[in-house]
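Okay, structure first, notes after.
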There are 2 protein chains.
Amino acid sequence: MALKQSGKADIVDVARAAKVSASTVSRCFNHPELVNPATRKKIERAIAKLGYIRNRAAQAMHGKRSGTIGLIVPTINHAIFAEVVQSFSDSVEQAGFTILMTSHGYDLDREYDVLRKLLEHRVDGIALIGLAHSEKTYTLIEQQEVPCVAIWNHDAASRVSCVGAENFAAGRMAAEHIAGLGHRRVGMIFPQTDGNDRAQGRLDGAWAVLDEIGVEVPEAWQMESPYSIAQAKEAVAELLSSADVPTALICGNDVIAQGAVYACLKLGVRVPEDLSVVGIGNFKGSLEMEPGLTTVHIPAQDIGRIAGEQMVAAVAAETSETVRVRCDLDLIVRETTRGFA
Amino acid sequence: MALKQSGKADIVDVARAAKVSASTVSRCFNHPELVNPATRKKIERAIAKLGYIRNRAAQAMHGKRSGTIGLIVPTINHAIFAEVVQSFSDSVEQAGFTILMTSHGYDLDREYDVLRKLLEHRVDGIALIGLAHSEKTYTLIEQQEVPCVAIWNHDAASRVSCVGAENFAAGRMAAEHIAGLGHRRVGMIFPQTDGNDRAQGRLDGAWAVLDEIGVEVPEAWQMESPYSIAQAKEAVAELLSSADVPTALICGNDVIAQGAVYACLKLGVRVPEDLSVVGIGNFKGSLEMEPGLTTVHIPAQDIGRIAGEQMVAAVAAETSETVRVRCDLDLIVRETTRGFA
DNA sequence: CGGTTTTATGAAAACATTTGCAATACTATT
DNA sequence: AATAGTATTGCAAATGTTTTCATAAAACCG
């Protein structure tokens, strides 16, 4: 009986090589204190020799944890998600979990499909971005009783646990800053709000402020732009080329704001002298750009980390109470806004 | 015998509910053409009613595919990886796989550990970034005979399949452009090259050109900066504040280049009149920034997609021949470089 | 209508592991 | 030295699914 060479060794091969039973090898991994140090050494040697790697799938069959956390994001290809995903993943990896990640490209039906897929893999928990999900998605999560945390938004009435900031408040903050500086001719440029509760919340928050103080925004100054510097730059350039131009611009996020500032640079519109620009997010790069972007800081790193901690706690606890953590926002005034007399 | 309500239904529960055997239910998933449409309907109804979700772990035990691809990245929190990861992941998801993703923070020992972990989960394939990995890592991959593709670098002598560009060539291209413009007073700013073969290759390529034409670079003009706009900005600002200043700057990547341009904007150094800046990567944002960044385009999206296709082909084929795909680079001249008389 | 194919289904073995229970060997106590 | 207790190990059952093989029912054909 020849030794198997390539990575096909299983637990009984190891057992044979170490001249013990499979149970003992198993115990060696899961309850090492129960096995004699001498035996353990033999087994470890056999494992190394055969290049044995235990099979998590077989463990998972015993109702044991799979050791994976499912993470569903709209896309990773955005600075902001990259940051939150990174800190979330660091946080859960520290507890020994691995991330199973999928993206759905802002399509809520696809979100449901990938969720099912993650559940097939018996993830120990599910993390989602935002709180806008289809009814099917929510029902499935509840029915499967899998620990779940929504990252990015806070809502006191959320259907699942959540860790994040209030987008409405973020929108308010940006608008209040602009209004407080005396601006009354205000433009807005936001991403599409369908299936994107983050953008929707921010937009509503901004409107709330403007309505309060009776500022009207002409149609032409209400712009929509995807999450893309290029497209935001283009949209804003068009606005700035028209005869009637606002004195301030509220942007749905920092990427759009960055595009707006570039449009100004290109057209020779001075920021902030001619146009004040405020973003939301405080992404990497917003600090360093010239001029430094005034923005509402969303603590992406904290959110990711806390969400991760919350996730492992929920998985460990087996209890399924809904936890909601609100992370604070900060207005960061840099060089792209200034008072309007 | 009460129906189980919550997600604990297994295949025999479904079988019972549909009054068939477990085998038939299984077939219904895996070889639907073999089961009578009427029976299939009954089964589907039972599945829906019980909220059954099949257990991938149990499937994986049968030597079947796990349906997951392991992806190991240094970090996702960088524009450039985000882009390549996104397109890789789209590409393999299209073929029905899910990504198991982990990061190691540029620590090759940790890379080995997470690789083991992915193998425990019986991933069907492994994707890595770059070709610089520890001996242990390579041995493990070979020994386990798991399909593997290295993303980002091309090397004709690579130990595993690879899809990417030649970083040496990228460095050459950037340097040739600068040299071709007549610059002889050249500074360089690159990331640390330990355990980062991408940066190393680019740096070597740039040096090759400079050596050929006999350009010497003073110590003070050879800078190191992490992948951070802020830190690059700072480093370059310091350089520009000294008495002796180069006329051109070769940057190891676009993020560093962006920091360099910002440093110039801040200090009133005109780009490109006073200083030419060239980057490598052509990240999102390099086109739109003002002035537009001259850079070497690395087709991240293509690389990710092709790597994904290569991965699923390798998993399907069972054959383990090493495939190497070289993706072409392009010099993109924008507004940050110009001739030096 | 009897034989032959085809189609549809079930029974049971197999997959790699964990774990409860039982058995054995060893140590301490009296 | 006998007893009780403890430390260590093995056996066998269990986990949820797939698959091979066998069987039964239906369809076809002359």
Side-chain angles (χ1 to χ4, degrees), chain A residues 4 6-44 46-47 50-68 116-117 119-124 144, chain B residues 4 6-44 46-47 50-68 116-117 119-124 144:
Chain A
K4 306 190 193 175
S6 61
K8 273 116 208 204
D10 70 0
I11 203 172
V12 333
D13 295 326
V14 174
R16 198 166 348 179
K19 300 195 203 309
V20 296
S21 76
S23 341
T24 309
V25 178
S26 171
R27 255 185 298 258
C28 200
F29 280 114
N30 302 299
H31 314 280
E33 73 283 1
L34 292 184
V35 18
N36 188 317
T39 325
R40 207 151 65 204
K41 202 150 247 165
K42 273 198 305 182
I43 295 175
E44 271 154 17
I47 288 171
L50 297 183
Y52 168 67
I53 296 208
R54 51 213 252 261
N55 188 335
R56 214 88 189 187
Q59 300 183 54
M61 266 189 39
H62 284 261
K64 298 208 81 163
R65 307 251 165 69
S66 69
T68 55
R116 277 197 80 91
K117 201 159 212 180
L119 292 172
E120 287 185 3
H121 284 287
R122 292 298 187 268
V123 291
D124 298 329
Q144 297 293 315
Chain B
K4 307 190 191 173
S6 61
K8 275 118 208 204
D10 70 1
I11 204 173
V12 331
D13 296 326
V14 174
R16 197 165 348 176
K19 298 196 204 310
V20 295
S21 78
S23 338
T24 309
V25 178
S26 172
R27 253 187 299 260
C28 201
F29 281 113
N30 302 300
H31 313 281
E33 73 283 1
L34 293 183
V35 19
N36 187 317
T39 327
R40 207 152 64 203
K41 201 150 247 166
K42 272 197 306 184
I43 294 174
E44 271 154 17
I47 288 171
L50 297 182
Y52 168 68
I53 295 207
R54 51 212 250 262
N55 187 337
R56 214 90 189 185
Q59 301 184 54
M61 267 190 37
H62 280 263
K64 297 211 80 164
R65 307 254 164 67
S66 68
T68 55
R116 277 197 80 92
K117 202 158 212 181
L119 292 172
E120 287 185 4
H121 285 287
R122 292 299 186 267
V123 291
D124 298 328
Q144 297 293 314

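Below, chains carry the letters A, B, ... as their sequence lines are ordered, and counting in each starts from 1.
Separation of atoms CG (A:Leu50) and CG (A:Asp13) is listed at 6.5 Å; rounding is to 0.5 Å. Interatomic distance, CD of B:Glu33 versus CZ of B:Arg40, reported as 8.5 Å (0.5 Å rounding).
In terms of modelled atom types and a separation under 3.5 Å, the side chain of B:Ser66 and the main chain of B:Arg122 share a donor-acceptor contact. Checking side-chain atoms of B:Gln144 against main-chain N and O of A:Gly51 turns up a donor-acceptor pair under 3.5 Å. When atom types are taken as modelled, the side chain of B:Arg54 and the backbone of A:Glu120 share no donor-acceptor pair closer than 3.5 angstrom. Proximity of a side-chain donor or acceptor of A:Asp124 to a complementary backbone N or O of A:Arg65 within less than 3.5 Å is not detected.
Each of D:dT9, C:dA16, D:dT17 was ranked by its minimum atom distance to the side chain of A:Thr39; first place goes to D:dT9.
Within residues 21-32 of chain A, the residues having any heavy atom under 4.0 Å from DNA chain D are, by residue number, A:Ser21, A:Ser23, A:Thr24, A:Arg27.
When side chains are defined from C-beta on, A:Thr39 counts as touching A:Ile43, because their heavy atoms get closer than 4.5 Å.
Counting only residues at least two apart or on different chains, the side chain to side chain donor-acceptor pair (under 3.5 Å) pairs with a member in residues 18-28 of chain B are B:Ser21-B:Ser23, B:Ser21-B:Thr24, B:Ser26-B:Asn30.
Residue B:Lys64 has a polar side-chain atom (N or O) positioned under 4.0 Å from OP1 or OP2 of D:dT19. The side chain of B:Gln59 places an N or O atom within less than 4.0 Å of a non-bridging phosphate oxygen (OP1 or OP2) of D:dT18.
Atom CZ of B:Arg122 is separated from atom C1' of C:dC15 by 12 Å (rounded to the nearest Å).
In this structure, B:Leu34 and A:Asn55 both approach DNA chain C, and ranking their closest nucleotides by distance from the 5' end singles out B:Leu34.
Helix-axis bend for the helix from C:dC1-D:dG30 to C:dT30-D:dA1: the local axis fitted to the five terminal pairs at one end deviates from that at the other end by 30°, rounded to 10°.
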